[in-house]
A.B. asks: 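One structure coming up, written as structure tokens, with questions to follow.
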Amino acid sequence: MAEKKDWKETLNLPRTDFPMKANLTKREPEFLKYWEEMGLYQKMLNTREKAPLFVLHDGPPYANGHIHMGTALNKILKDFIVKSKRMAGFNAPYVPGWDCHGLPIELNVERELKVRRGELPKLTVRKHCRAYAERWINIQREEFKRLGVIGDWENPYLTMSYDYEATIAREFVTFLSKGYVYRRKKPVYWCTHCVTALAEAEVEYYDHRSPSIYVKFPLDEDALAALPEELRKGPVSILIWTTTPWTLPANLAVALNPEFDYVVVQLKDEFLLLAEGRLSALAAELGLEKVPPILGRVKARDLEGKHARHPFLPRKSLIVLADYVTLEAGTGCVHIAPGHGEEDYETGLKYGLEVYAPVDAEGRFDPELPEIGGQHIFEANAKIIEILKERGNLLWVTEITHSYPHCWRCKKPVIFRATEQWFISMEANHLREKALEWIDKVRWIPPWGRERIRNMVEKRPDWCLSRQRSWGVPLTVFTCRACGTILKDYQYYEKTIQLFEEHGADIWFEKEAKDLLPPGTQCPRCGGEEFQKEEDILDVWFDSGVSFAAVLERRPELKFPAELYLEGSDQHRGWFQSSLLCAVGTRGRAPYEAVLTHGFVVDGKGRKMSKSLGNVIPPEKVIKRYGAEILRLWVAAEDYRDDIRLSDEILARLTEAYRKIRNTCRFLLGNLYDFDPEKDLIPPEELPEFERYLLFRLSRLTERCLKAYENYDFHLITQGLHQFCAVDLSAIFIDVSRDTLYCEAPEAFKRRAAQTVLYHALTTLTRLMAPILSFTAEEIWRYLPGPKEAESVHLASFPAPVLREVPEDFKQKWERLFALRSEITKALEIARKEAKIIGNSLEAEVVLVPPAELAAFLQENQETLTYLAIVSQLTVAQEASSEEGTVLYESAELPGLKVLVKRARGRKCERCWKWSETVGQREDLPALCARCYQVVQQIDDQTA
RNA sequence: GGGCCUAUAGCUCAGCUUAGGUCAGAGCGCACGCCUGAUAAGCGUGAGGUCGGUGGUUCGAAUCCACCUAGGCCCA
């Protein structure tokens, strides 16, 4: 007897070099290099030269520090959009940018150089800042590229490039010349020791010991008159509490909360007005044995606009309402000095009070002030307390320790002090109103973005543009030295802007006003010829806010307005808003048609990532361990409109999902090794029903994915692709078709039909996944059989559905067949696990006993069900009973259906492993079933 | 404290807003089997949910309303 033949050689087993193991960490850099060398970005544009433009305008990240998960998420989402829009037929350029100016960089540079603000010349600081920003741009650029994000990385936009700086100045001057810009005092953090304004970020909080005083503001006649009858008997004073006596000289008002109940109480021979909610606390603080009796009640609203007398200056203090007054401390009555506090300032604006701050840069009171003029404010505290005592307006004095802002350099306490600042008016030219109109016209995704930015724009104060710092674009303003007139006309600044184009904004600090102005400039008001240039720089939000002018309008491949801005939801206050205001103010419309927002990256429990919680996962760590592809898959799998969770478990799950998709594609490739689509592809209408049904399922997937790309619903795509791989292909089509693919003759129609489905599935999946799984799609692309549409998958187009429509009864028939299949598998599982009469399903014969309504259907589809169930034999009978060695299962899903499972008849074919009574019928090849005998004969004939 | 948002099985998501009435679904993971011709693969079955909580509207709510709790972004 001949030795046992190895039937494997006669089978069409999968063949492919496509590796099962992704090895992403190693392979990704190779693809990046390949894309870079082929000039992929340029080619992506070239192939869509005449297509309609879709401009996604990049919001510039700050050029400081490594990228984090949030910036990675943002850039990956943008990459999905750019790639998918291109595949969908648009010309989708992507010009990344960086935000380069501003305080954080300046602070870091000072730290590196170990110098304080003002110790180095501005130009020197600026030079170092520029180099610093450049350094981080280069680092971040590489980090972004590593994520597989394709764009014009060689020509990004930088807010510090000369032409960009010139644009900033140009746009500012436009605002200036159109009358939006004005100058007004506003309190800012101020260090009297360092003699400088401080930014929020330059302030640190430490405990500080301050006087704590209760001060009486005697009511003026108008206020007394507003009191109820019974309270008018004697002098009544509003009682306030403060820890900064030195701000009292600047007091212009006393604020009450309109919601609180105010009372007048008698304390010894004095009548005091305060909030009822603070009365007992006050009594305790003063050490009183009992709470003073309430003489009457007062409505805050009745006192609004009336007056109190200043406790020691010959001046009145306006009684105002403010809802930020709390009952947590003090008396419920708050002393207001608009020149020395943020809230005081806002309230002052509301009531038309002067922004009064009689304190010089070094912290000394104005010389004109009686008794305290010329004294340093902190030293004057004691003197002021003494004066209050003399006037009889001090009720109580102690000391408290509380958290108080300090200068980050000299560690001394800072103050709020009003200084001249530049603003853009929200009211000039109806800026606020027009911005709100455009908010309504823009498409906000998700829709609540509109409400959010609307609330902010409705309430926001005028835009304070000036910063007392070095690293930025100067507020290009000239003022006449003689009469103080501000030059607002555009013509005065043309030369400056020209010089910025050539030399950058440094030139403003290098040259004098006369060299920046056109020759012979005279003040339009007084004819003066000497001018002063402004020294402050612009808020960096203005820099990025005009990116539409510097980038969209100036780059030939882009256009204004953009189709889309896409940033985190914090940018409703930031870039979305600054861009909107800049564009509406100068162009009369929003710079974007639509705004898409994403949430923030949080940990597995939904908590924000922070150093103190120790739950930060840097992108680099994920890339090193799993590869950028897994990071991309993560971005695509989560609904980014909410907060986006990231944890080890999530990454583990995603890795599994990735493997499933990859392996499914590998199987498809392996079974197409001898398939030439140009020769072997079968038109859908000629395919058998099972194959047609799968193409229909594939087409439904295609349509759903294309729609999801349009709606930026990437997580639906990921779920859809994964599910199709796991269920439609792996569990159903592949499992069922394996016999056909392996065992039929290579060119058999049945096999080619199955391969046709595999081919369509593969090319469709590859394209659909390309924007998301960019590396893997490209890898598969290289192995695709037949001629390719393009050298890179990213130069291809999205697939069209192969078989969009099938008749309704066809669909129903196949849904029914799958319902039956699932009942058969349940029965098989019982036979396998409980009765242990079979191992794999081919060892089984199934007898179906249908209810009457299914009888005909089962008869007609007996053969189909046999291969769908992957059993060796399947028959339909009227009746069946359970005997030894069989399993009888009664379906719950399909009432009346019984499934009998028993061991298959005949013998196992050594080639195809199906059981058949035809095995052994041929003496020359007794190990084979009839089908395999025939196939092997055929192969022998051909090779002979 | 204010504005906006989120909360469905261990994980990621459907369903909810455009009309409240299939027993709330999917994939993964898990458990238990099978296979060894996708093999550091593949297949099957199964167990998992008070739909964040409490009230309300309704004959009936995961779906509508109110409040609460937890979390996020932006302010104060």
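Protein chains get the first letters and strands the later ones, always in sequence-line order, with residue 1 at the start of each.
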A.B. asks: Round to the nearest Å and state the distance from Lys826(A) atom NZ to G33(B) atom C1'.
C.D. replies: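 Nearest whole value for this atom pair: 17 Å.
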A.B. asks: Checking Glu342(A) now: which residues fulfil side-chain hydrogen bond (donor to acceptor under 3.5 Å, both in side chains) with it, not counting sequence neighbours?
C.D. replies: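 None.
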A.B. asks: Can you name the side-chain hydrogen bond (donor to acceptor under 3.5 Å, both in side chains) partners of Asn671(A), sequence neighbours left out?
C.D. replies: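 With sequence neighbours excluded, Asn671(A) shows a side-chain hydrogen bond (donor to acceptor under 3.5 Å, both in side chains) to no residue whatsoever.
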A.B. asks: Using only modelled atom types and a 3.5 angstrom limit, is any donor from either the side chain of Arg738(A) or the base of A38(B) paired with an acceptor on the other?
C.D. replies: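 Such a pair is found, so the answer is yes.
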A.B. asks: Counting side-chain heavy atoms from C-beta on, which of C13(B), U45(B), C43(B) comes nearest to His715(A)?
C.D. replies: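 Ranking C13(B), U45(B), C43(B) by closest atom to the His715(A) side chain puts C13(B) first.
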A.B. asks: Would you say Lys660(A) reaches C43(B)'s phosphate, i.e. side-chain N/O to OP1/OP2 under 4.0 Å?
C.D. replies: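 Result: yes.
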A.B. asks: Please give the nucleotide sitting opposite A62(B) as a Watson-Crick or G-U wobble pair, both distances under 3.5 Å, or none.
C.D. replies: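 The answer is none; no pair meets the criterion.
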A.B. asks: So what's A26(B) paired with, Watson-Crick or G-U wobble, going by both distances under 3.5 Å?
C.D. replies: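 Its partner is U12(B) (Watson-Crick or G-U wobble, both distances under 3.5 Å).
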A.B. asks: In this structure, how many angstroms lie between the P atom of G27(B) and the NE2 atom of His722(A), rounded?
C.D. replies: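 Rounded to the whole Å, the gap is 10 Å.
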A.B. asks: Tell me if the side-chain of Arg573(A) makes a donor-acceptor pair with the base of C75(B), cut-off 3.5 Å, by modelled atom types.
C.D. replies: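 Result: no qualifying N/O pair found.
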A.B. asks: Using distance alone, with no hydrogens and no angle criterion, decide if Thr776(A) and Tyr658(A) have a side-chain donor and acceptor under 3.5 Å apart.
C.D. replies: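 Tyr658(A) and Thr776(A) do have a side-chain donor-acceptor pair below 3.5 Å.
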A.B. asks: Only pairs with both distances under 3.5 Å count, Watson-Crick or wobble alike; so what is the partner of C43(B) in this structure?
C.D. replies: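 Pairing partner, where one exists within any strand: G33(B).
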A.B. asks: In the strands shown, is U6(B) matched to any nucleotide by a Watson-Crick or G-U wobble pair with both distances under 3.5 Å, and which?
C.D. replies: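 U6(B) is paired with A70(B).
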A.B. asks: Between Tyr640(A) (OH) and C13(B) (P), how many Å, whole number?
C.D. replies: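 In whole Å, C13(B) P and Tyr640(A) OH are 12 Å from each other.
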A.B. asks: State whether the distance check finds a donor on one side and an acceptor on the other, under 3.5 Å, for side chain Gln723(A) versus base G27(B).
C.D. replies: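 There is none.
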A.B. asks: Grab the CD-P distance between Glu829(A) and C35(B) for me, whole Å please.
C.D. replies: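 Taking atom P of C35(B) as the reference, CD of Glu829(A) is at 11 Å.
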A.B. asks: Just do the side-chain contact (heavy atoms from CB on, under 4.5 Å) check on Val601(A) and Trp634(A) with the steps written out, would you?
C.D. replies: CA-CA 11 Å; Val601(A) 181; Trp634(A) 165 69; 3.9 Å; yes
A.B. asks: If G1(B) has a Watson-Crick or G-U wobble mate with both distances under 3.5 Å, name it; if not, just say none.
C.D. replies: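 In the structure as shown, G1(B) has C75(B) as its Watson-Crick or wobble partner.
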A.B. asks: Relative to the ring of Phe542(A), is the ring of Trp463(A) parallel (under 30°), tilted (30 to 60°) or perpendicular (over 60°)?
C.D. replies: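 Trp463(A) vs Phe542(A) ring planes: tilted.
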A.B. asks: So, the side chain of Arg832(A) versus the backbone of Ile838(A): is there a donor-acceptor pair under 3.5 Å, distance only?
C.D. replies: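 Not at all, since once roles are kept as given, no pair shorter than 3.5 Å links the two residues.
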A.B. asks: Report all interatomic pairs (protein N or O, nucleotide N or O of nucleotides 7-11 of chain B) with separations under 3.5 Å.
C.D. replies:
unit_1: C11(B); atom_1: O4'; unit_2: Glu649(A); atom_2: OE2; d: 3.1

A.B. asks: Starting from P on C34(B), measure out to CG on Asn840(A) and report it in whole angstrom.
C.D. replies: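 The distance from CG of Asn840(A) to P of C34(B) comes to 12 Å, rounded to the nearest Å.
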A.B. asks: Got a donor-acceptor contact below 3.5 angstrom from the Arg432(A) side chain to the Met426(A) backbone?
C.D. replies: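 Answer holds: no.
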A.B. asks: Can you find a side chain N or O atom of Tyr742(A) that sits less than 4.0 Å from OP1 or OP2 on A38(B)?
C.D. replies: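 Looking at the OP1 and OP2 atoms of A38(B), one of them is under 4.0 Å from a side-chain N or O of Tyr742(A).
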A.B. asks: Kindly indicate whether the side chain of Trp7(A) and the base of G37(B) share any N or O donor-acceptor pair separated by less than 3.5 Å?
C.D. replies: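 When only heavy-atom distances are counted, Trp7(A) does not reach the base of G37(B) through any donor-acceptor pair under 3.5 Å.
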A.B. asks: Taking only the side-chain heavy atoms of Leu13(A) (C-beta and beyond), determine which of G37(B), C73(B), G44(B) contains the nearest atom.
C.D. replies: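 Nearest to the side-chain atoms of Leu13(A), counting from C-beta on, is G37(B).
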A.B. asks: Let's test your reading of the model: under 3.5 Å, does the base of A38(B) pair with the side chain of Ser730(A) as donor and acceptor?
C.D. replies: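 Indeed there is one.
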A.B. asks: Would you tell me whether Glu843(A) and Ser872(A) have side-chain atoms, one donor and one acceptor, within less than 3.5 Å of each other?
C.D. replies: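 No, no side-chain donor-acceptor contact under 3.5 Å.
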A.B. asks: Suppose we define a pair by two distances each less than 3.5 Å, Watson-Crick or G-U wobble; what does G20(B) pair with here?
C.D. replies: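 Matched G20(B) with nothing under the 3.5 Å cut-off.
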A.B. asks: For the pair made of CD1 in Ile661(A) and P in G42(B), what is the distance, rounded to whole Å?
C.D. replies: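 Between P of G42(B) and CD1 of Ile661(A): 12 Å.
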